[in-house]
S.K.: 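One structure follows; several queries about it will come next.
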Amino acid sequence: MTASAPLPPASPRSQPAEIPAQYDPAATESALYADWTRAGVFTARPERTTRQGGDADAFTIMMPPPNVTAILHVGHGLNNTVQDVLVRWRRMAGDEALWLPGTDHAGIATQNVIEKQLAAEGKTRYDLGRDAFVARTEEFVRTTGGAILDQLKAIGASCDWTRTRYTLSPEMSAAVREAFVRLYEDGLIYRGHRVIHWCPRCLTSLSDEEAEHEDVEGKLYHIMYSLTDDPSQGLTVATTRPETMLGDVAVAVNPEDERYKALIGRTVTLPIAEIEIPIIADEYADPAFGTGVVKITPAHDPNDFEVGKRHKLPMPVIMTPEGTMGEGAEASGRVPAQLRGVDRFAARKMIVAQLEAEGSLIKAEPHRHAVRHCYRCDTVVEPRLSDQWFVRMKPLAEPALEAVKSGRTRILPERHEAVYVNWLEGIRDWNISRQLWWGHRVPVFYCDSCGWEDALREDPADCPKCRGVVRQDDDVLDTWFSSWLWPISTLGWPDTGARDLKTFYPGDVLVTAPEILFFWVARMIMAGYRFMGDAPFHTVYLHGTARDTQHRKMSKSLGNGIDPLDVVARYGADALRWTIVSGLGMGADAIFDPADLEKTFAPGRNFATKLWNIARFLLTAAGEERVQRIDAIDAARLTRADRWILSRLDIAIDECDAALGPARPSGAQWPVEQRRAGMRLNEYAESARRFVWNELADWYVEASKSRLQGSGPDRDVARAVLVHAFDQALRLLHPIVPFITEALWQRLPGHVDGEFIARAPWPVRRGTAPEPSGFELVQEVIIRIRQLRSDFAIAPGKPVTVHVAHRGDTTDGGAAERYFDTILREEAPTIERLARATLSWDPIPTGTPNAKAAIAGGATVAMLLDGAIDVARERMKYAKELAELEKQLGSLEKRLASPGFTSK
RNA sequence: GGGCGAAUAGCUCAGCUGGUUAGAGCGCCUGUCUUACACACAGGAAGUCGGGGGUUCGAGUCCCUCUUCGCCCACCA
């Protein structure tokens, strides 16, 4: 279905020194993706897993298959980025990761696409006929379908493309058929004659989930039905759909309703149709609503249908499948000639007009109510009596309910668990037949000569009973009837001995949007239990919806969407992914500004650039000589800054692990303390970013420059630490920004050709406990001096001397001050370089008019800043802000009693 | 009609079991092209944590209530 594109040439291997000044995502990304593919980095190897005698845990994610005709939008970008982050993380953490991609044939959606094409040619599907229509759709899917999978490669999705699946492939179709036949044989699939949701545009029935509620401003019409034997009296019924009155077979009142008790058993004349119908008593009539009298239209209302069954009433269908007025076999004479063939909404107007003319219309009041619409074409759904195939859901729902209640499967965010439980507890049977042509055909066969029928795994040649001609059911199955098998059918089910099925089932995480919790997620869990005896995953992660800044859902019709490929072209895939992941609060909607891509995605690009520049510095500074492994460095040779950054790295690793982890429950169920843990991708991103940018780049790199630029043995220590810290940082970041991290990692000194960061081990903390290095004090002193410089507007180039003095705090015997002083003396070069100041331990010259002082370092040591020649002038310049400054500088201000400083 | 969520700096959002001066990015202000990076660096301003009550030694964090948005579910014609 998807021809894999020819691989671009391998990424250019440049020498460290040749690293370009500017990162070019476009030139890097596709080449790297081709490298990964060529090396089989994303291909899962069953033999490595513990389930096949290896030592790696299997980690499986099934991609929610996008519609085969879909093109990539931000929702896909969001969904697949999350999955990719998880899969890349686990792959590095040592799991044998399988992310299985694929597409959905999308019954109604795809059929609609082709029908639109046909409409443009002035044709309908009936002009082509079933076989030709299906052939045309297949051809369309074969040539243009599945493009979205190639688009996913552009955002870096690390799917196992050797296992790509399609819900309408022969293998998946066989699984669908097997599942149907088994459920049929088990009595869990049955044909039901009842009122279902009917889309008059798609000309098919819909499941409850596919008929979406939407509030509309309608009218509640009050219509007089007069008593047959006394036309001067009558009952007033209230309805929002007067056109259905032609199908009325009774009016119902509540048996307890004193107003109407006496009328029960008498008859009224149905206006327009002029048919006599009975007044019946049924609990369904609510005395408090409207007039308390309900018209009963069993063929066009699910409640009325139930009433009709209870009272054994006829059930005339008075509309055609297309939604025009017309008659079924049982409805003869109900629809007047002038209404036949008239669209239901036009007919409503005509009927109301006629009732008004006859004086039967009492009133029409505005009425806001929810009306069901087709989820694919938004047409108002018409309830309609028909024969459909149903799945009996109660028995299937029970284990799925238990899975979540027991903690076998958790749903994040947690609040969705209640929604899930509530839905399953009230579950109703699932209408799985669709009157479409595109999909899996219902595998039920009929013999018209002897009446035989059965669901079969293989097409029969003739009737097994009478050798008569058999025909197959015309309907196809709901798309979701194939989707719910996705976690098992993709791995080889119904062959339970299939290697992939045994290796990768049950899987781990399902990542999707809350909208399809019922459509898909719940049903997959049911199918998992029914056919494999276990849930297909232990975690359901429901992410938010992509919205614009007005919180409107991004959609084609609103034109407020963002094309992920446009973002990739302008800022790079890593920038797109960074923005998605760093803003991904648990379950919160993702807000992007389609009107300002720069504002939305520049931070991601900037971050990539930062990484690029750190690498440029590192490669220049580390040179091309061999860099020692961090483990080869004697701990005694590590400087304060070295120990600090290594400790910060450990903390960053811990934080990332905590934000992401646990990868799976420690037992068969989620223990309470783990149940809500992990999957906090934004926190993970922030921890990694803070480490590499605010700690490694802002402090360690700056503090180590002189060591790196010098010569001698200490340079090797600094090089080893720097390369190690950056290497580990790249690994931490790789799941989020895979391209730039791969590009840089492969340039690090010591990189072995053919190794990928995508398969490199996930960082593990080195130290056993956080080590106080004293470097924090160095930072504090530097910050204080910088603040003083800034507060007093000392020109950047101007040299200053900072006098270090002690308060003489002896409460601890002076230990703290001695400790602090030692650090200051040892780290003086670093402080002087980063704060651009000279430290002095000389006493401050008494009477110096320009002396200033500051309390620094936890208020244990006084630092006096001298050499600020322009203090007086600056002081006057800032006179207005004096009050503010005093507040900030606290006790410093007290010591500033220099002469000539009288307030102005 | 039932259920749920959100409301925190100008903007988009963190703040998980209540505990020291409420955080980030962008934006804003002041400097700086400091030999990796101006897609950057240094310093800074900015929040009565939607309103009102309550519990507590202590609440953005728990309870009640109101307001405004949003979502899900639903056979009241």
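Note on naming: letters A, B, ... go to the chains in the order of the sequence lines (proteins, then strands), and numbering restarts at 1 for each one.
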S.K.: Is there a donor N/O on one and an acceptor N/O on the other, under 3.5 Å, for the side chain of A:Glu702 and the base of B:rA42?
M.R.: no

S.K.: Could you tell me how far B:rA22 sits from B:rG47 if I compare only their P atoms? Round to whole Å.
M.R.: 12 Å

S.K.: Using Watson-Crick or G-U wobble geometry with both distances under 3.5 Å, which nucleotide pairs with B:rG58?
M.R.: none

S.K.: Please determine whether a side-chain nitrogen of the Lys or Arg among A:Glu214 and A:Arg372 lies less than 4.0 Å from a carboxylate oxygen of the Asp or Glu.
M.R.: no

S.K.: So, does A:Arg786 get its side chain near the phosphate of B:rG43, meaning an N or O under 4.0 Å from OP1 or OP2?
M.R.: yes

S.K.: Taking the same atom, P, in B:rA7 and in B:rG60, what whole-Å distance lies between them?
M.R.: 15 Å

S.K.: Reading nucleotides 70-77 of chain B 5' to 3', which nucleotides get B (base under 4.0 Å from a protein heavy atom), which S (sugar-phosphate only), which -?
M.R.: -S-SBBBB

S.K.: Expressed as a whole number of Å, how far does the P atom of B:rG50 sit from that of B:rA9?
M.R.: 8 Å

S.K.: Taking only Lys NZ, Arg NE, NH1 and NH2, and the carboxylate oxygens of Asp or Glu, determine whether A:Glu382 and A:Arg241 approach each other closer than 4.0 Å.
M.R.: yes

S.K.: On a whole-Å scale, what distance lies between the P atoms belonging to B:rC16 and B:rA6?
M.R.: 12 Å

S.K.: Are the charged groups of A:Arg428 and A:Glu209 less than 4.0 angstrom apart, N to O?
M.R.: no

S.K.: Using Watson-Crick or G-U wobble geometry with both distances under 3.5 Å, which nucleotide pairs with B:rU67?
M.R.: B:rA7

S.K.: Closer to the 5' end of RNA chain B via nearest nucleotide, is it A:Ala615 or A:Pro603?
M.R.: A:Pro603

S.K.: Does this structure show an ion pair linking A:Glu598 with A:Arg605, if we count only N-O contacts that are shorter than 4.0 Å?
M.R.: yes

S.K.: Can you tell me the Watson-Crick or wobble partner of B:rG1, both distances under 3.5 angstrom?
M.R.: B:rC73

S.K.: Can you find a pair of side-chain heavy atoms, one from A:Ile223 and one from A:Thr236, that are under 4.5 Å apart?
M.R.: no

S.K.: Go nucleotide by nucleotide along RNA chain B from the 5' end; which of A:Arg689 and A:Val701 gets its closest nucleotide reached first?
M.R.: A:Arg689

S.K.: Which pairs would a plain distance check flag for residues 296-303 of chain A, meaning a side-chain donor or acceptor within less than 3.5 Å of a matching protein atom at least two apart in sequence or in another chain?
M.R.:
from     : atom 1 : to       : atom 2 : distance (Å)
A:Thr297 : OG1    : A:Asp248 : OD1    : 2.6
A:Thr297 : OG1    : A:Lys295 : NZ     : 2.9
A:His300 : ND1    : A:Pro383 : O      : 3.3
A:His300 : NE2    : A:Ile318 : N      : 3.0
A:Asp301 : OD1    : A:Asn303 : N      : 2.8
A:Asp301 : OD1    : A:Asp304 : N      : 3.1

S.K.: Going by purine N1 to pyrimidine N3 plus the second Watson-Crick contact, or the G-U wobble pair, all under 3.5 Å, which nucleotide sits opposite B:rA22?
M.R.: none

S.K.: Mind checking the P distance from B:rA24 to B:rA46? Whole angstroms is fine.
M.R.: 14 Å

S.K.: Base, sugar-phosphate, or nothing: which does A:Trp693 touch, judged by heavy atoms less than 4.0 Å apart?
M.R.: sugar-phosphate

S.K.: Under 4.0 Å between any heavy atoms, over every strand shown, what does A:Ala697 touch: base, sugar-phosphate, or nothing? Just pick one.
M.R.: base

S.K.: Taking the side chain as C-beta and beyond, is there a heavy-atom pair between A:Tyr541 and A:His543 under 4.5 Å?
M.R.: yes

S.K.: How many whole angstroms separate atom CG of A:Asn682 from atom P of B:rG23?
M.R.: 18 Å

S.K.: Whole angstrom is fine here: how far is it from CZ in A:Phe607 over to P in B:rC39?
M.R.: 17 Å

S.K.: Can you tell me if A:Gln709 touches the phosphate of B:rU35, counting only side-chain N or O atoms and a distance under 4.0 Å to OP1 or OP2?
M.R.: no

S.K.: Find the distance A:Glu695:CD to B:rA24:C1' and express it as a whole number of Å.
M.R.: 14 Å

S.K.: Rounded to the nearest angstrom, tell me the gap between atom CG in A:Leu584 and atom P in B:rU12.
M.R.: 17 Å

S.K.: So, does the side chain of A:Lys610 form a donor-acceptor pair with the base of B:rC37 at under 3.5 Å?
M.R.: yes

S.K.: So what does A:Gln22 touch, heavy atoms closer than 4.0 Å: a base, only the sugar-phosphate, or nothing?
M.R.: base

S.K.: Over how many whole Å does the gap from A:Lys599 atom NZ to B:rU12 atom P extend?
M.R.: 7 Å

S.K.: Is the ring pair A:Trp693/A:Phe607 parallel, tilted or perpendicular, if the boundaries are 30 and 60 degrees?
M.R.: parallel

S.K.: Can you tell me how far P of B:rA40 sits from CZ of A:Phe617, to the nearest Å?
M.R.: 18 Å

S.K.: Does B:rG43 have a Watson-Crick or wobble partner in any strand here, with both distances under 3.5 angstrom, and which is it?
M.R.: B:rC29

S.K.: Taking the six-membered ring of A:Trp670, is the NZ or CZ of A:Arg675 close enough (under 6.0 Å from the centre) and on axis enough (within 45°)?
M.R.: no

S.K.: Rounded to whole angstrom units, what separation is found between the CZ atom of A:Arg675 and the P atom of B:rU17?
M.R.: 16 Å

S.K.: Give the nucleotide from the list B:rC39, B:rA36, B:rC16 with an atom nearest to the side chain of A:Arg605.
M.R.: B:rC39

S.K.: Between B:rC71 and B:rC13, how many Å separate the two P atoms, rounded to a whole number?
M.R.: 15 Å

S.K.: Between B:rC63 and B:rG18, how far apart are the P atoms? Round to whole Å, please.
M.R.: 11 Å

S.K.: Tell me the interatomic distance from A:Lys705, atom NZ, to B:rC37, atom C1', rounded to whole angstroms.
M.R.: 9 Å

S.K.: Can a side chain N or O of A:Asn606 be found less than 4.0 Å away from OP1 or OP2 on B:rA40?
M.R.: yes

S.K.: Which whole number of Å gives the distance between the P atom of B:rA45 and that of B:rC29?
M.R.: 15 Å

S.K.: Which base sits across from B:rA14 as a Watson-Crick or G-U pair, both distances under 3.5 Å?
M.R.: none

S.K.: Think A:Lys705 forms a cation-pi with A:Phe617, using NZ or CZ under 6.0 Å from the six-ring centre and within 45 degrees of its axis?
M.R.: yes

